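Below is one structure, written out as C-alpha cells, with a few remarks after it.
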Amino acid sequence: GCDCKMSGRDIKQSRMDQVDKRRIYRVYEGWPRFAAEAWEQQVSCPPGRFDRVVYMAIGGSAAAGDIISDWMLSSGEAELSVFKGDLPRLRVENTLVIACSASGNTEETIRMAENIRKRTSKIAVISSGGRLEGFAKRNRLHYVRIPLMVAPRYTLSYVLFASLAVLREASVIKNAESEVAEPISSMKKIASRISSSVPIARNPSKQLARLLANSRPKVYGSSITKGVATRFKNSLNENAKMHASAAYAPDLFHNEVESWETELGGRFLPVVLRHGRESFYEKTNIGRLLKILAGKGVKTKQVSGLGKSSLSQLVSMAYILD
C-alpha cells in the first residue's frame, strides 16, 4: 500500500477525469488562447468589395455565423446571412461567401458550397481538412485551416475568430482590431472565473449547471442574443442530452409567453440572456415577462456577458454558457 495522500483538489480532478474521459474541460479552458490564435493567423480572402456575406454551415459551425450575424446587424456592419441547409437562388454580386465546417465533412455544407460555386468564385472555405478542403483545393478557392478540438462543437472559439479574420481581410468589418481586442480580453477574464478548479460558490458556470441539472431549460434571448440562445439550447441537447427549448424576441412576447397561461408543471427554468444593447422595446418587455413569471412563483436565471462592446458581451456570454 501507499501512504501518500491526495489533496482535495486532486480528488476533485480525479472525479472529473472519471466523468469527462476526453477531458473536454481542458479544451474549454483553452478557448481564449484558441480565439487569439485564430484571430492572429494570416488568412487569404477573395479580392473585391463586398456589401453582403453569405455564411454556409450547420450545427456548431453555424453557431459562429449566427453570433457574428447578430453582432453585425446590431453594429451597423454589412449584412451576414446564415444558411444551414438547402441554398436558395441568391444574387451573388458583391457577396462574399464563407463555407464553414469544423470537421470538413458536413454533407449539407459541402452541397451548398458545390451549388454556389457554379455562380461565384468569391468563396472562402474554413475547415480542419476533410472533403471540404479537397473541394477548396480542386476549385482553387481561398482556404483557412483550423484545428479540430475533440469534436466540431467544441471548436466554436476557433471557428468564430477564424471567420472574423476572414471578414477582416475582406474589409467587411470596420475598426476590426479594436472591435475584436475586447472580446478576447473578456474571454481571458471569464476563464479565470469558470475554470474547473474554481469552486461553485464563485463559479457562475457551475452555479448555472446546478440550477439546470434537474430542470427543463427554456432559453430566452433578445434579437441580439438569439444566436447565443440557439447555441446554448443545442449544447444542452448535444452535451448534456437534455430536452431544452429556445425562444427570442420579438416572437417571445407574442407566442412563447402564452404558454405560461397554462399549468406550470414540468420543472421549467427560464434562462434569460441579457445584453447591454437590447432595444428599449425588448428591454421593457423582458422586464415585464420576468415580473409575470415572478408573480406566478416561477424561478428564473439571468445571464450576462462581460465587456462594453456588443461582440465582447456575446462571446463571453457564449463562453459562460458552454
Side-chain angles (χ1 to χ4, degrees), residues 28-36 38-39 60 62-77 80 153-161 163-164 173 175-176 178-195 198 202-209 211-212 217-236 239 244 246-249 252 269-280 282-283 286-287 289-290 300-322:
Y28 278 119
E29 288 170 358
W31 267 26
R33 176 168 53 85
F34 302 147
W39 175 247
D66 287 337
I67 293 170
I68 294 171
S69 177
D70 291 344
W71 164 62
M72 291 178 71
L73 284 174
S74 72
S75 303
E77 302 280 358
L80 186 148
R153 59 185 177 271
Y154 304 121
T155 313
L156 175 64
S157 175
Y158 216 107
V159 169
L160 197 155
F161 283 88
S163 299
L164 288 170
I173 303 175
N175 304 315
S178 60
E179 286 284 355
V180 176
E182 189 185 25
I184 294 176
S185 173
S186 293
M187 289 182 73
K188 291 177 180 177
K189 292 177 182 176
I190 289 293
S192 66
R193 302 178 188 178
I194 64 175
S195 167
V198 177
R202 303 196 312 273
N203 190 319
S205 291
K206 289 184 180 181
Q207 291 167 8
L208 179 58
L211 281 175
L212 291 171
K218 285 178 171 285
V219 187
Y220 291 161
S222 60
S223 58
I224 194 173
T225 60
K226 60 182 182 294
V228 177
T230 301
R231 164 69 182 193
F232 186 42
K233 175 261 179 189
N234 291 344
S235 292
L236 290 170
N239 297 336
Y248 35 82
L252 169 62
L269 175 64
V271 180
V272 185
L273 310 186
R274 306 308 306 268
H275 192 282
R277 290 195 187 176
E278 295 164 359
S279 69
F280 176 78
E282 292 183 358
K283 183 177 182 179
I286 288 174
L289 176 60
L290 290 169
T300 60
K301 175 65 176 177
Q302 298 184 64
V303 179
S304 300
L306 187 67
K308 295 181 180 179
S309 73
S310 176
L311 183 60
S312 178
Q313 291 180 46
L314 291 173
V315 170
S316 57
M317 183 190 301
Y319 191 21
I320 292 168
L321 294 170
D322 248 62

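In this text the structure is predicted, and so the values were computed from the model without any measurement. Only heavy atoms go into these numbers, but all of them, side chains included; no hydrogens, no water, no symmetry mates.
- For Tyr220, the side chain to side chain donor-acceptor pair (under 3.5 Å) partners are Glu256, Trp260, not counting sequence neighbours.
- Between Leu164 and Leu311 there is a side-chain heavy-atom pair separated by less than 4.5 Å.
- Within the structure, the salt bridge (charged side-chain N to carboxylate O under 4.0 Å, His left out) test picks out the following pairs touching residues 312-322 (sequence neighbours left out): Arg231-Asp322.
- Summarising the geometry, atom CD1 belonging to Ile67 is positioned 5.0 Å from atom CG belonging to Leu156; distances are rounded to the nearest 0.5 Å.
- Within the structure, salt bridge (charged side-chain N to carboxylate O under 4.0 Å, His left out) pairs that include any residue of residues 220-230 comprise Asp70-Lys226 (at least two apart or interchain).
- When the side chain to side chain donor-acceptor pair (under 3.5 Å) test is applied to Ser222, the partners found at least two apart in sequence or on another chain are Thr225.
- Every residue two or more places apart in sequence or in another chain was checked for a salt bridge (charged side-chain N to carboxylate O under 4.0 Å, His left out) with Glu179, and none qualifies.
- Applying the side chain to side chain donor-acceptor pair (under 3.5 Å) test to Ser75 and every residue at least two apart in sequence or in another chain returns Trp71.
- For the residue pair Ser312 and Ser316, the shortest heavy atom distance occurs at O-OG, 2.7 Å.
- Atoms CG and CZ, on Asn239 and Phe232 in that order, are 10.0 Å from each other to the nearest 0.5 Å.
- In terms of modelled atom types and a separation under 3.5 Å, the side chain of Ser186 and the main chain of Glu182 share a donor-acceptor contact.
- In this structure the side chain of His275 reaches within 4.5 angstrom of the side chain of Leu314, judged on heavy atoms.
- Applying the side chain to side chain donor-acceptor pair (under 3.5 Å) test to Glu77 and every residue at least two apart in sequence or in another chain returns nothing.
- With values rounded to the nearest 0.5 angstrom, Leu160 atom CG is found 11.0 Å from Trp39 atom CH2.
- A donor-acceptor distance shorter than 3.5 angstrom exists from the side chain of Ser279 to the backbone of Glu282, with no hydrogens or angles considered.
- For Ala244, the side chain to side chain contact (heavy atoms under 4.5 Å, CB included) test picks out Pro217, Lys233, Leu236, Asn237, with sequence neighbours left out.
- Under the ring pair (Phe, Tyr, Trp, His ring centres under 6.0 Å) criterion, Trp31 pairs with Tyr28, Tyr319, sequence neighbours left out.
- Closest of all the heavy-atom pairs between Lys308 and Gln313 is O-NE2, 3.4 Å.
- Side-chain atoms of Ser69 never come within 3.5 Å of backbone atoms of Gly65 as a donor-acceptor pair (strictly under, hydrogens ignored).
- Counting only heavy atoms from C-beta outward, the side chains of Ser235 and Leu321 never approach each other to under 4.5 Å.
- Between Ala229 and Ala246, the closest heavy-atom pair is O-CB, 4.0 Å.
- The side chain to side chain contact (heavy atoms under 4.5 Å, CB included) test applied to Asn203 returns Ile194, Val198, Ser205, Lys206, not counting sequence neighbours.
- Two residues are said to be in side-chain contact when any heavy atoms from C-beta on lie closer than 4.5 Å; Leu290 and Gln302 meet this criterion.
- Not a single salt bridge (charged side-chain N to carboxylate O under 4.0 Å, His left out) links Arg277 to another residue, sequence neighbours left out.
- Taking CD1 from Ile173 and CG from Leu80, the interatomic distance works out to 9.5 Å, rounded to the nearest 0.5 Å.
- Closest of all the heavy-atom pairs between Ala36 and Ile184 is CA-CD1, 3.9 Å.
- Ser195 places no side-chain N or O within donor-acceptor distance of the main-chain N or O of Ala191, the cut-off being under 3.5 Å.
- At least one side-chain heavy atom of Ser157 sits less than 4.5 Å from a side-chain heavy atom of Met187.
- Counting heavy atoms from C-beta outward, Thr300 and Leu289 have side chains that stay 4.5 Å or more apart.
- Rounding to the nearest 0.5 Å places CG of Leu306 at 6.0 Å from NZ of Lys189.
- Note that the CD1 atom of Ile68 and the CZ atom of Phe161 stand 8.5 Å from one another [nearest 0.5 Å].
- The salt bridge (charged side-chain N to carboxylate O under 4.0 Å, His left out) search around Arg33 returns Glu37, not counting sequence neighbours.
- Not a single donor-acceptor pair under 3.5 Å links the side chain of Ser223 to the backbone N or O of Ala249.
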